[in-house]
Amino acid sequence: MTRPDDRRLEPRSAAKARALVVSPGLELPCLIVDQSNSGVRLRLDRNLALPPRILLIDMAQATAVEAEVVWRKGAEAGVKRAGAVASLRGLVPSRLAAARAAYLRAGGR
């Protein structure tokens with residue numbers, strides 16, 4: 001159900017999925033709190049500054065997507081998907097090699 005002050009154009013669904021924020025020099029565990037077709041709300045393990053563009057890895061789905069950080073409030077962040085969702089299982093394109101390595105280090109299979 002959408003609140004009157006919610007500016008999303010698409011409905012969001014609750015989620016409680018382990019994830020990992022990856023960018024050069026950063027691998028940060030987080031939780032996907034909710035998501036829509038275009039974006040995701042994250043709860044970070046630590047209140048660190050995030051770069052403007054990240055790779056978001058969904059540990060349960062073994063997927064990665066490029067995303068833009070659009071807002072921060074305390075330990076929460078909102079990101080907008082900026083690319084297609086890609087699987088991290090099997091062979092991956094070279095641009096996702098670091099994401100796959102981070103996924104495996106975090107316990108992915």
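Keep in mind that the numbers below use all heavy atoms, side chains included, and drop hydrogens, waters and symmetry copies. These figures come from a predicted structure and were not determined experimentally.
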Checking Arg46 now: which residues fulfil side chain to side chain donor-acceptor pair (under 3.5 Å) with it, not counting sequence neighbours?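 Once residues adjacent in sequence are excluded, Arg46 has no partner under the side chain to side chain donor-acceptor pair (under 3.5 Å) criterion.
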Partners meeting side chain to side chain donor-acceptor pair (under 3.5 Å) with Arg81 (sequence neighbours left out):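 Arg81: side chain to side chain donor-acceptor pair (under 3.5 Å) contacts with Gln35.
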By the definition side-chain contact (heavy atoms from CB on, under 4.5 Å), identify the one residue from Val21, Val65, Leu96 that meets it with Leu55.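 In the set Val21, Val65, Leu96, the residue that makes a side-chain contact (heavy atoms from CB on, under 4.5 Å) with Leu55 is Leu96.
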Would you give the length of the straight line joining atom [atom1] of [X] to atom [atom2] of [Y], rounded to the nearest 0.5 angstrom?
{"X": "Leu56", "Y": "Thr63", "atom1": "CG", "atom2": "OG1", "result": "7.5 Å"}
{"X": "Lys73", "Y": "Asn47", "atom1": "NZ", "atom2": "CG", "result": "13.0 Å"}
{"X": "Asp34", "Y": "Leu42", "atom1": "CG", "atom2": "CG", "result": "9.5 Å"}

I need the full list of side chain to side chain donor-acceptor pair (under 3.5 Å) pairs touching residues 19-30, with sequence neighbours left out, sorted by first then second residue.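 For residues 19-30: Glu27-Arg105.
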Determine all donor-acceptor pairs shorter than 3.5 Å in which one atom belongs to a side chain in residues 83-94; sequence neighbours excluded.
from	atom 1	to	atom 2	distance (Å)
Ser87	OG	Arg89	N	3.1

On a heavy-atom basis, which atom in [X] and which in [Y] lie closest, and how many Å separate them?
{"X": "Val22", "Y": "Ala102", "answer": "CG2-CB, 3.9 Å"}
{"X": "Pro51", "Y": "Val69", "answer": "O-CG2, 3.4 Å"}
{"X": "Ile57", "Y": "Ala99", "answer": "CD1-O, 3.3 Å"}
{"X": "Leu20", "Y": "Pro29", "answer": "CD1-N, 3.6 Å"}

Hydrophobic cluster membership, with links at side-chain heavy-atom distances under 4.5 Å among I/L/V/M/F/W/Y: are Leu31 and Ile54 in one?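 Cluster IDs for Leu31 and Ile54 differ.
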Are Leu50 and Val40 grouped together when hydrophobic residues (ILVMFWY) are joined by side-chain heavy atoms under 4.5 angstrom apart?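 Yes, Leu50 and Val40 fall within the same hydrophobic cluster.
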Suppose we screen for salt bridge (Lys or Arg N to Asp or Glu O under 4.0 Å). Which residues come up paired with Arg72, at least two apart in sequence or across chains?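 Salt bridge (Lys or Arg N to Asp or Glu O under 4.0 Å) list for Arg72, sorted by chain: empty.
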Going by salt bridge (Lys or Arg N to Asp or Glu O under 4.0 Å), name the residues that satisfy it together with Glu68, two or more places apart in sequence or in a different chain.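 Glu68 satisfies salt bridge (Lys or Arg N to Asp or Glu O under 4.0 Å) with Arg53 only.
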